[in-house]
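Just so we're on the same page: letters track the sequence lines, and every chain starts at 1.
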There are 2 protein chains.
Amino acid sequence: MLTISQLAATAGVTVRTVRHYHHVGLLPEPDRDASGYRSYSAQAAVDLIRIRTLADAGVPLARIDALLHAQPTEFAAAITDIDVELQRRIDQLTEYRRRIAELAGGERLVLPPEVVAILNRMRDLGIGERRVRLERDAWILMRALDPHAVPQRIRDKNAAFDDPGTTRLYLACDRAVDWDPHDPRLDRLIDDLDAWEISHERDSGRSGYLKLVISRISEASPAWQRIVAVLTHRAEQRRTAEHNS
Amino acid sequence: MLTISQLAATAGVTVRTVRHYHHVGLLPEPDRDASGYRSYSAQAAVDLIRIRTLADAGVPLARIDALLHAQPTEFAAAITDIDVELQRRIDQLTEYRRRIAELAGGERLVLPPEVVAILNRMRDLGIGERRVRLERDAWILMRALDPHAVPQRIRDKNAAFDDPGTTRLYLACDRAVDWDPHDPRLDRLIDDLDAWEISHERDSGRSGYLKLVISRISEASPAWQRIVAVLTHRAEQRRTAEHNS
DNA sequence: TCCAACCCTGACGCAGGGTCAGGGTCAACC
DNA sequence: GGTTGACCCTGACCCTGCGTCAGGGTTGGA
């Protein structure tokens, strides 16, 4: 006959665990000796080890009781389920290992590889990290708000970077972020952007596209705010002129 | 800007989880909009995903905060630790899969292979399942109470089964379990056991060995109880006789 | 006889959320 | 402009599977 700590040691659990199983009715309370100590049979050890085997495998205690009293057929089916679940958890942990390894590596965790590639393309072009981060944030918001639009946008962006003219403008905008809003170079840049917008509006049918791209991230830069304001004004004028003609 | 459910969906968690992280101070409370709704930036999505990546890997929430604000060196060391721990859990789950598969298979889970082999040897000899179970329980108790003695006992048992005479006696005992205590065949068996005990006492230097083996499991059988009683009595007489001579 | 190492019951604590109560908002359609 | 359904808010209790503490009694060896 075993004391509770001997039983617990046999199954590799704590005394508290055994008492817990009594409390929830999973392991029957054994007889007591003269002084009220619980006194266990070898069968209790067998039962406890079977319980632990299932509990270790992640079966909730509440299910174990029913399981151990089930018919062999149901039991076998349940075992198969549990095994499948275990394998699933193993795969999951393996996946988590992969992700953990990427934790140090910036945006790889948050964005799909195609977008990460675009961000890296921007870095390769020499665009500043601050601007790249704004771009990253824009992608994150887009994915949360309108995931449907992401694939098309990926194509557009890549097309833009495939075009040297557009790329040059992009770089120019990036450098302009710290300029004074009244810097004379800004006027030349605005002219270029306006011309770019006119030609690309014709191509793609989308209007105000450039303004949209810049506006969401222009809060931090007075120069960009001026760009947006002037471009908006000019587009307005063009529409009025067309209307009058 | 994102609402709480959009943010939660982006990271694949529930709204409740995000609020929980605010509550424990893991994720900073964002600004509110005019109606008191939380309004999240893209950076919050990045933070949340990083938190989940660590939490999924089993890092307690309480540690995550410190971890994300740690120096790159410490951070890298912690990541290595976490990865090691993940691998350990994967190995553990794999082991649990193995054990689960053995759940249907009786005592394999509870006893070391050498003992299982002995039990199977008993079955092969034609010893009844009831007796085998009693033997199994004896082994379990022995392992719990005096694990040190197990290896020697394994050798003894195997030696006993290697000896045809002993094996025959074992089988005879097994069949006697259901006999009436006054069955005349029992007297012949007792004589044989007594002779066996005398000769083996000389060999091994252990005395009362047989009685010890049987006594613990004789509760269920009146015939065995009589065997133990008679053998004890005779051994007593022998000791008295030796003393007087 | 004393001490450490057991045993007992009962109760609270913990992570990581789930879930309900009781209420306010928003957007769209009729 | 009213209704509907999907959101949002706070606060509070519930869950699992034990750990841990409190406040005792028992046992076995030096």
Side-chain angles (χ1 to χ4, degrees), chain A residues 1-40 44 48-68 82 85 89 92-93 96 144-146, chain B residues 1-40 44 48-67 82 85 89 92 96 144-146:
Chain A
M1 294 296 118
L2 306 173
T3 68
I4 195 170
S5 66
Q6 288 166 339
L7 175 77
T10 300
V13 302
T14 66
V15 168
R16 179 64 176 89
T17 300
V18 176
R19 287 205 268 249
H20 184 63
Y21 292 170
H22 290 320
H23 190 72
V24 300
L26 194 48
L27 196 62
E29 281 275 3
D31 293 338
R32 309 293 182 114
D33 70 10
S35 56
Y37 289 12
R38 293 177 178 85
S39 176
Y40 295 91
L48 181 54
I49 289 176
R50 290 166 70 85
I51 290 169
R52 277 315 304 180
T53 303
L54 288 166
D56 285 338
V59 182
L61 298 191
R63 258 195 74 197
I64 291 180
D65 191 32
L67 240 172
L68 289 179
I82 292 164
E85 172 64 16
R89 275 172 52 197
Q92 224 174 45
L93 288 183
Y96 292 155
L145 298 169
D146 189 12
Chain B
M1 293 296 119
L2 307 173
T3 69
I4 196 169
S5 68
Q6 287 166 339
L7 175 76
T10 300
V13 301
T14 65
V15 168
R16 177 66 173 87
T17 299
V18 176
R19 288 206 267 249
H20 185 63
Y21 292 169
H22 289 322
H23 189 72
V24 299
L26 195 48
L27 195 64
E29 282 275 4
D31 294 339
R32 309 292 181 116
D33 69 10
S35 57
Y37 289 13
R38 293 178 180 85
S39 176
Y40 294 91
L48 181 55
I49 288 176
R50 291 168 68 86
I51 290 170
R52 277 315 304 179
T53 303
L54 288 166
D56 285 339
V59 182
L61 298 191
R63 258 195 73 197
I64 291 180
D65 191 33
L67 240 171
I82 292 164
E85 173 65 16
R89 274 171 53 198
Q92 225 175 44
Y96 292 154
L145 297 170
D146 188 13

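- Residues Y21(A) and V13(A) are not in side-chain contact: their nearest non-hydrogen atoms beyond the backbone lie 4.5 Å or more apart.
- If you measure from atom OH of Y40(B) to atom C1' of dC7(D), you get 14 Å, rounded to the nearest angstrom.
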Tell me, with the steps shown, if H20(B) and L61(B) meet side-chain contact (heavy atoms from CB on, under 4.5 Å).
CA-CA 10 Å; H20(B) 185 63; L61(B) 298 191; 4.0 Å; yes
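- In this structure, T10(A) OG1 and L2(A) CG are separated by 6.0 Å, a value rounded to the nearest 0.5 Å.
- Comparing I4(B) and A34(A) by the nucleotide of DNA chain D whose heavy atom lies nearest to each, the residue mapping closer to the 5' end is I4(B).
- Rounded to a whole Å, the CD1 atom of I64(B) is 14 Å from the C1' atom of dG17(C).
- Of all nucleotides listed (dC9(D), dG17(D), dC26(C)), dC26(C) comes nearest to the side chain of S35(B).
- Of the residues in residues 9-19 of chain A, those with a non-hydrogen atom less than 4.0 angstrom from any atom of DNA chain D are T14(A), R16(A), T17(A).
- Rounded to whole angstrom, the span from the CG atom of L54(B) across to the P atom of dG16(C) amounts to 12 Å.
- Remark: C1' of dC7(C) and CG of D33(A) are 9 Å apart, rounded to the nearest angstrom.
- Using a 4.5 Å heavy-atom threshold, the side chains of I82(B) and L67(B) count as touching.
- OP1 or OP2 of dC18(D) has at least one side-chain nitrogen or oxygen of R52(A) nearer than 4.0 Å.
- Of the two residues contacting DNA chain D, namely Y37(A) and H20(A), the nearest-nucleotide position lying further toward the 5' end is that of H20(A).
- Separating the CD atom of E29(A) from the P atom of dC7(C) is a distance of 14 Å, rounded to the nearest angstrom.
- Applying the 4.0 Å criterion to OP1 and OP2 of dC18(D), one finds that Y21(A) has a side-chain N or O inside that range.
- Distance, R38(B) CZ to dC7(D) P: 17 Å, rounded to whole Å.
- To the nearest 0.5 Å, atom CG of residue L26(B) and atom CZ of residue R63(B) are 13.0 Å apart.
- Distances shorter than 4.0 Å separate none of the side-chain N or O atoms of R32(B) from OP1 or OP2 on dT25(C).
- Using a 4.5 Å heavy-atom cutoff, the side chains of S5(B) and V15(B) are in contact.
- Separation of atoms CD1 (I49(A)) and CG (D56(A)) is listed at 11.0 Å; rounding is to 0.5 Å.
- When the side-chain nitrogen and oxygen atoms of S5(B) are compared with OP1 and OP2 of dA6(D), none of them lie within a distance under 4.0 Å.
- As rounded to whole Å, 16 Å separates atom C1' of dA15(C) from atom CD1 of I51(B).
- Separating the CZ atom of R63(B) from the C1' atom of dC14(C) is a distance of 18 Å, rounded to the nearest angstrom.
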